[in-house]
Amino acid sequence: MTPIMTIQERIAQLVTEATQIAQQMGDLPADPRALPEPDIHRPSNPDLGDFATALPLKLANQMKMPPMEIAKILAAYVRNTDLLDRLVGAEFLKNIEPAHPGFVNFWLKDSWLAAQVESIRKDGPTYFDSTLGEGQRVQVEFVSINPTGPLHVAHARGGVIGSSLANILKAVGYEVEQEYYFNDAGNQIENFQRSLHARYLQLFDRDAQVPEDGYHGEYMVELAREVRGEIGDSILYLSVEDAISELGRAGQAKILEAIKKDVKLLRINFDKWFSEASLFQDGQYDSAMQLLEDKGFVAERDGAVWFASTKLGEDQDKVLVRGSGVPTYFATDVAYHYDKFVKRNFDRVINVLGADHQGHVALMKPVVQAMGIAPAKLTLIVHQMVTLKRGGDVVKISKRSGDIVTLRELVEEVGVDACRFFFLSRSPDSQMEFDIDLAKKQSAENPVYYVQYAHARIAGILRLATERGIDYEDGDLSLLGHEAELALIRKMLLLPELMVQMATALEPHHLPHYAVELATAYHWFYEKCRVVSSLPEDDELSKARLKLVDAARIALARCLDLMSMDAPDEM
RNA sequence: GUCCCUGUAGCUCAGUGGAUAGAGCGGCUGCCUUCUAAGCAGCGGGUCACAGGUUCGAAUCCUGUCAGGGACGCCA
């Protein structure tokens, strides 16, 4: 576990205190205004240090001094040994230098860097974790499509984002529940049932048409066949309404079963499958409506029941219960959020949805607010659509037209690791173009294998060490000092920061990019530094490097694990 | 009409206030008698859509324009 106070925070504190002391000593002008945050960042160019602050540039104006002058004075004060000893023990800083046009740059000590290898090995995968979440209960809801057909590629995107985010949140100390919400009531379900009924009748050469706005996909024919295989022709002798609901139940159970299998294929594990119908059976629907009414957000008008979202500044009210007395999908969603926040009392709720559901954002925030819940507790991550291409042509994705590429087909063609990596590596905000042919073609030489190959190379070295009976537990890490060794360690030490950043911003898409960088650092080290040497005089260095390799294994495996990808020992 | 997302290398995309804008793929050139060449090193490739503005500093923030995708129902 990474220390509560990160190195950045310690350097930030150091800079702030040094500035104050410089002011007290009269070397920098005193100013009653509060000092700006030092904002410790990592320079893009590694030659400029491990950390840097642009504080002098920010102070130049109010101090009426050239920024470079401030930088020089600040660097001198920060370098002051007494201050270093008192504030941070000076155990990790090597150099502190002013730099044009007004930065102060910080370099970490090689010996401190090398020593971190032992910490990583001692802690194992949890080295990269933190306590950011403080045990708060977070629910991540994702995929959640109606069980009216198989999952297709676009759903894979939401699935990968949601499950990876859940992994990351767990790692930084949240208690996470992953949930799939499915509709087992409502118009679309009825539509599905009628479509299935028509397909079933067609199997018996009866005259039946799939409704125009029904589900026309081939899979419905297959589904009808499966259901017939189980319950035979008994449905034919029921009344139409009974037949439809009987078939519907059987068909829907099958679809849901298939979805559960598909989701497993993508290595997604939901803790709970939440049924819409249960909201009515268990009373959440009534309680939610009552709560909204108690808060004064329910109005009756034109024979319908409305949610008065205009009271909260929205453009228009929304219908909760139709004139027919049937609740809208929106109303059940209100009940569902009541269940999440009031009944189950989650500290935070995150919902990953596709761009076609973006209207949801403007609806649910006011709803939770109306229920007296801080809207900030609800976060909706909207990911843009996935465009499928095959051989340069756009493939239409529509369940109803039936021209779809299923998640299963995709995983079977491209592989689950590549799927997860590829879907995760794009920001949810960007539209994705997924060229299936290209994905397959590139699968032999793509970043997925690049990262996994690094792990396999590590495993190969550790295997060799074991075969040769090398015990490297007493390896002396102070022997590490090669630039490739230090670069690898630096890269590993970035992971804890990255995890906090990803968890805070809810942006898991940085992880695959980092994994590539880590793999690059390892491949470079591998190229530059022989680990298991046949020369006796290299024994000690070999042992130290084996420790480093072992730490790299832990870091790389942690990355892959957070992405729910395999970390192969050989390829 | 209103709202949301996007526009960065030939292609697919990272980079959301700092220093010389990056990766993968594709193209070109080198490197395997010791731990996996699914690797490494190098070359080439950019008006960060456009125009203003804020700032010591803008791909990043604000405004506008253009272009692409999406959402706006007593559908779900």
Side-chain angles (χ1 to χ4, degrees), chain A residues 39 41 43-45 47-48 52-54 56-61 66-67 99-103 105 145-146 148 183 186-189 191 213 276 302-306 315-316 318-330 332-333 354-362 382-385 387 422 425-435 438-439 441-454 456-465 467-468 505 509-510 512-514 516-517 519-520 522-524 526-535 542 545-546 549 570-571:
Chain A
D39 287 335
H41 67 273
S44 47
N45 181 349
D47 293 341
L48 298 171
T53 177
L57 285 164
K58 292 179 178 170
L59 289 173
N61 225 348
H100 283 284
F103 294 97
N105 296 340
I145 67 152
N146 294 345
T148 55
N183 290 96
N187 281 354
Q188 286 306 320
I189 295 302
N191 211 349
D213 59 347
E276 179 195 9
D302 305 331
V305 179
W306 301 73
D315 290 341
Q316 49 191 340
K318 286 289 299 176
V319 171
L320 286 164
V321 185
R322 302 179 183 98
S324 62
V326 179
T328 59
Y329 175 87
F330 172 62
T332 59
D333 237 14
D356 51 341
H357 289 87
Q358 65 183 242
H360 202 73
V361 181
V382 178
H383 67 79
Q384 299 300 311
M385 310 301 284
T387 308
F422 190 77
S425 62
R426 268 66 168 158
S427 152
D429 287 339
S430 74
Q431 287 164 232
M432 267 188 81
E433 204 160 86
F434 199 122
D435 190 319
L438 201 62
K441 202 183 86 186
Q442 289 180 353
S443 65
E445 275 191 28
N446 66 30
V448 180
Y449 298 93
Y450 180 85
V451 173
Q452 292 182 320
Y453 183 53
R457 277 181 146 184
I458 288 172
I461 289 179
L462 296 176
R463 247 190 330 266
L464 182 67
E467 280 166 18
R468 299 216 180 148
H509 71 275
H510 299 297
H513 295 280
Y514 168 79
V516 168
E517 286 176 20
T520 299
Y522 183 77
H523 286 311
W524 190 54
Y526 183 94
E527 203 70 23
K528 296 280 182 188
C529 302
R530 178 76 202 181
V531 178
V532 179
S533 169
S534 43
L535 304 171
S542 279
R545 285 179 171 168
L546 279 166
V549 168
E570 39 189 82
M571 286 175 72

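This one's a predicted model, so the numbers in the text were calculated from it and none came from an experiment. In what follows, chains are A, B, ... by sequence order, proteins preceding strands, each numbered from 1. Computed from heavy atoms alone, side chains included, the values below leave out hydrogens, waters and symmetry copies.
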Check your understanding: What is the distance from NE2 of H513(A) to P of C13(B), rounded to the nearest Å?
Key -> 11 Å
Study note, to complete from the structure: The residue, R463(A) or D315(A), whose nearest nucleotide of RNA chain B is more 5′ is D315(A)
**Study point:** Identity of whatever pairs with C32(B) - Watson-Crick or G-U, under 3.5 angstrom
**Key:** none
**Study point:** Atom C1', compared across G46(B) and A9(B): separation rounded to whole Å
**Key:** 6 Å
Review point. With both distances kept under 3.5 Å, what pairs with U63(B), Watson-Crick or G-U wobble?
Key: A51(B)
Study note, to complete from the structure: note: H357(A), atom NE2; C3(B), atom C1'; distance rounded to Å ~ 17 Å
Revision key, fill the gap. When rounded to whole Å, the CE to C1' distance for the pair M571(A) and A37(B) reads 13 Å
Check your understanding: Taking a pair as Watson-Crick or G-U wobble with both distances under 3.5 Å, which nucleotide is matched to A14(B)?
Key -> none
Practice item. Describe the nucleic acid contact of D39(A) in one word from base, sugar-phosphate, nothing, applying a heavy-atom distance below 4.0 Å. Key: nothing
Review point. Roughly how many Å is it from OH in Y514(A) to C1' in A14(B), rounded to a whole number?
Key: 16 Å
Exercise for review: Kindly label the base of C62(B) as syn or anti, based on whether its glycosidic torsion lies within 90° of 0.
Suggested key: anti
Check your understanding: Any donor-acceptor pair under 3.5 Å joining the side chain of Q431(A) to the base of G70(B)?
Key -> no
**Study point:** Atom-pair distance (OH on Y329(A); C1' on C74(B)), nearest Å
**Key:** 17 Å
Review point. If you take all heavy atoms of V532(A) and S542(A), which pair is closest and at what distance?
Key: CA-OG, 4.0 Å
Review point. Can you check the Q384(A) CD to G68(B) P distance for me, whole Å?
Key: 16 Å
Review point. Does the aromatic ring of F103(A) sit over the six-membered base ring of A19(B), closer than 5.5 Å centre to centre and tilted less than 30°?
Key: yes
Review point. From U34(B), C75(B), G69(B), pick the nucleotide closest to the side chain of Q358(A)?
Key: G69(B)
Check your understanding: Taking a pair as Watson-Crick or G-U wobble with both distances under 3.5 Å, which nucleotide is matched to A9(B)?
Key -> none
**Study point:** Under 3.5 Å on both distances, the Watson-Crick or G-U partner of G44(B)
**Key:** none
Review point. Pick the nucleotide of RNA chain B nearest each of Y526(A) and T53(A); which residue has the one closer to the 5' end?
Key: T53(A)
Exercise for review: Assess whether side chain to side chain donor-acceptor pair (under 3.5 Å) is satisfied between R457(A) and H523(A), documenting all intermediate values.
Suggested key: CA-CA 9 Å; R457(A) 277 181 146 184; H523(A) 286 311; 3.1 Å; yes
Study note, to complete from the structure: Whole-Å distance, Y450(A) OH to A37(B) P, equals 13 Å
Review point. Can you tell me the Watson-Crick or wobble partner of A37(B), both distances under 3.5 angstrom?
Key: none
Review point. To the nearest Å, how far apart are D429(A) CG and C4(B) C1'?
Key: 10 Å
Exercise for review: Report yes if at least one side-chain N or O of R457(A) is closer than 4.0 Å to OP1 or OP2 of A38(B); otherwise report no.
Suggested key: no
